[in-house]
*Asks:* 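Pasting a structure here, questions to come.
What you see below is based on every heavy atom in this structure, not just the backbone, and it leaves out hydrogens, waters and symmetry mates. Positions are given from 1 along the sequence.
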Amino acid sequence: MADGAGRAEPFGVWATAVGVARVRARETAREQPLFRDPLASAFATAGGIGPGLQSPRADEADEAARRRRLGVVVSIVIRTKFLDDLLDRAVTSGVRQVVLLGAGMDSRAFRMDWPAGTRLFEVDTAEPLDFKAAVLRQEQAVPRCERITVPVDLRDDWPGALAAAGHVPARPTVWIAEGLLIYLPEDAVQLLLERVGALSAAGSRMGLTLGARGVVERFRGDAAPGSAASMWISEMPEDPVGWLDGLGWEAETFTLRERAEAYGRPLRIPPQHDEGPGGLVSAVRAAH
Ligand SMILES: C[S@@+](CC[C@H](N)C(=O)[O-])C[C@H]1O[C@@H](n2cnc3c(N)ncnc32)[C@H](O)[C@@H]1O
């Protein structure tokens, strides 16, 4: 399907990337945003869900459903800031290769400051990358680093595609998997991270977001067909730090609640259930 401008219309899992852009556009419009993403509004508008439009579920009567939706919005804002900071630390430590796995409408190549020599790879399937390219052309957006798109399915031979695109595994890389792993089955998550580990030189770093334990079941009940939550399938293991240790990473996890507080945006809703280990992960490649 294509719209009047010849762009593919958001469909299936990649439509979630446009929903994320909408949240970032709204955050950008706040008086004191945690980040500014000037391209987000153009992505959302091109996808038919401009930030000025009423939220599709704004009329929901069920208070619990409304809270869950707001929870998703807050989690996107907080994780964006968390990973922006992680990337800043990575480049400060000297890393010059960035790989965004499931990049979607992530516009960090355009909105963050990158040292000279930074190469940023955006890995996603062809459709969202084509849609993104059309919007970037329309906005005459100019990247602030060397930006390389890698159209490939992360269940296929993406390491081959990344190597062909110029990624150098012997040099440290900072990897970001933001809002991605929750859409992949557990065995695919495991394989993805094993492959990431095999391509991570000493000094590499990684930022992940993991679905909280129980989140799939909590959201499935009233998830509208085609909505992001209807496609969630995997959650973090019981012991995420131990799991990542086994994969060669020294990881720290943070809860949304704790990060939100640290960023001056304390959550107003008290915990409704045992929130368990945090799903915001910052990891450094363990010394061999
Ligand atoms: C919720 S969006 C998040 C996008 C981006 N990381 C962000 O936070 O703005 C999930 C992204 O993962 C991508 N994705 C999901 N499964 C994928 C797969 N098997 N291969 C490549 N990309 C995938 C989707 O196309 C979509 O762009």
Side-chain angles (χ1 to χ4, degrees), residues 1-26 37 39-51 53 55-57 69 72-73 75-77 79-80 83 98-111 120-139 141 143 147-158 161-162 165 175-185 188-189 191-192 207-211 215-216 219-220 223-234:
M1 285 269 275
D3 67 4
R7 285 184 294 251
E9 277 179 34
F11 176 78
V13 71
W14 78 265
T16 62
V18 180
V20 172
R22 178 181 209 265
V23 173
R24 295 201 180 116
R26 290 196 153 189
D37 187 343
L39 288 165
S41 173
F43 292 130
T45 302
I49 52 167
L53 293 177
S55 168
R57 312 283 308 274
R69 188 177 54 77
V72 173
V73 168
S75 73
I76 290 169
V77 171
R79 81 183 196 205
T80 303
L83 295 171
V98 182
V99 179
L100 307 177
L101 297 163
M105 302 304 126
D106 185 314
S107 69
R108 290 187 172 101
F110 302 85
R111 69 176 178 81
L120 182 149
F121 299 85
E122 295 190 3
V123 184
D124 209 308
T125 50
E127 278 190 328
L129 290 178
D130 288 349
F131 171 91
K132 188 174 190 176
V135 175
L136 292 172
R137 265 197 308 277
Q138 169 199 299
E139 297 300 307
R147 171 178 178 261
I148 301 151
T149 54
V150 188
V152 66
D153 193 304
L154 287 163
R155 292 165 297 185
D156 296 339
D157 177 24
W158 63 265
L162 190 60
W175 306 86
I176 300 291
E178 178 178 11
L180 167 73
L181 302 180
I182 200 166
Y183 296 100
L184 300 176
V189 172
L191 177 61
L192 182 90
L208 307 177
T209 64
L210 301 174
V215 76
V216 172
F219 278 73
R220 186 170 286 151
S227 66
S230 73
M231 289 179 269
W232 291 352
I233 49 179
S234 80

*Asks:* Check for a donor-acceptor pair, side chain of Thr45 on one end and backbone N or O of Ala42 on the other, with a separation under 3.5 Å.
*Replies:* no
*Asks:* Return the minimal non-hydrogen interatomic distance between Ile49 and Arg22, and the atom names on each side.
*Replies:* O-NE, 3.1 Å
*Asks:* List the atom of Ala165, the atom of Val150, and the distance in Å for their closest heavy-atom pair.
*Replies:* CB-CG2, 3.8 Å
*Asks:* Calculate, to the nearest 0.5 Å, the distance between atoms CZ and CD belonging to Phe43 and Glu139 respectively.
*Replies:* 8.0 Å
*Asks:* Which pair of heavy atoms, one from Val135 and one from Ala46, lies closest together, and at what distance?
*Replies:*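 Residues Val135 and Ala46, closest heavy atoms: CG2-CB, 3.6 Å.
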*Asks:* Can you check whether Asp157 reaches Val152 side chain to side chain, under 4.5 Å on heavy atoms?
*Replies:*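 A side-chain contact under 4.5 Å is absent here.
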*Asks:* Kindly compute the distance separating CG (Asp106) from CG (Leu39), expressed to the nearest 0.5 Å.
*Replies:* 10.5 Å
*Asks:* Can you name the nearest heavy-atom pair linking Trp232 to Val72, along with the distance?
*Replies:* CH2-CG2, 3.9 Å
*Asks:* Report the C-alpha separation of Leu83 and Arg108 in whole Å, then their side-chain angles, then the decisive distance to 0.1 Å, and conclude whether the side chain to side chain contact (heavy atoms under 4.5 Å, CB included) test is met.
*Replies:* CA-CA 10 Å; Leu83 295 171; Arg108 290 187 172 101; 3.5 Å; yes
*Asks:* Can you tell me how far the CD1 atom of Ile233 sits from the CG atom of Leu184, to the nearest 0.5 Å?
*Replies:* 6.5 Å
*Asks:* Going from OG1 on Thr80 to CZ on Arg24, what distance comes out if it is rounded to the nearest 0.5 angstrom?
*Replies:* 3.5 Å
*Asks:* Measuring only between side-chain heavy atoms, which start at C-beta, is Val73 closer than 4.5 Å to Arg26?
*Replies:* no
*Asks:* What's the separation between atom CG in Leu100 and atom CG in Leu180, rounded to the nearest 0.5 Å?
*Replies:*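 One finds 11.0 Å between CG of Leu100 and CG of Leu180.
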*Asks:* What's the shortest heavy-atom distance between Ala21 and Met105, and which atoms?
*Replies:* CB-CB, 4.1 Å
*Asks:* Backbone N or O of Gly179 within a donor-acceptor pair of the Thr209 side chain at under 3.5 Å?
*Replies:* yes
*Asks:* Check for a donor-acceptor pair, side chain of Ser234 on one end and backbone N or O of Leu181 on the other, with a separation under 3.5 Å.
*Replies:* yes
*Asks:* Rounded to the nearest 0.5 Å, what separates atom CD1 in Ile176 from atom CG in Leu208?
*Replies:* 8.0 Å
*Asks:* For the residue pair Trp175 and Trp158, categorise the inter-ring angle as parallel (less than 30°), tilted (30 to 60°) or perpendicular (more than 60°).
*Replies:* perpendicular
*Asks:* Taking all atoms of both residues into account, what is the closest heavy-atom pair of Ala17 and Gly104, and its distance?
*Replies:* CB-CA, 3.7 Å
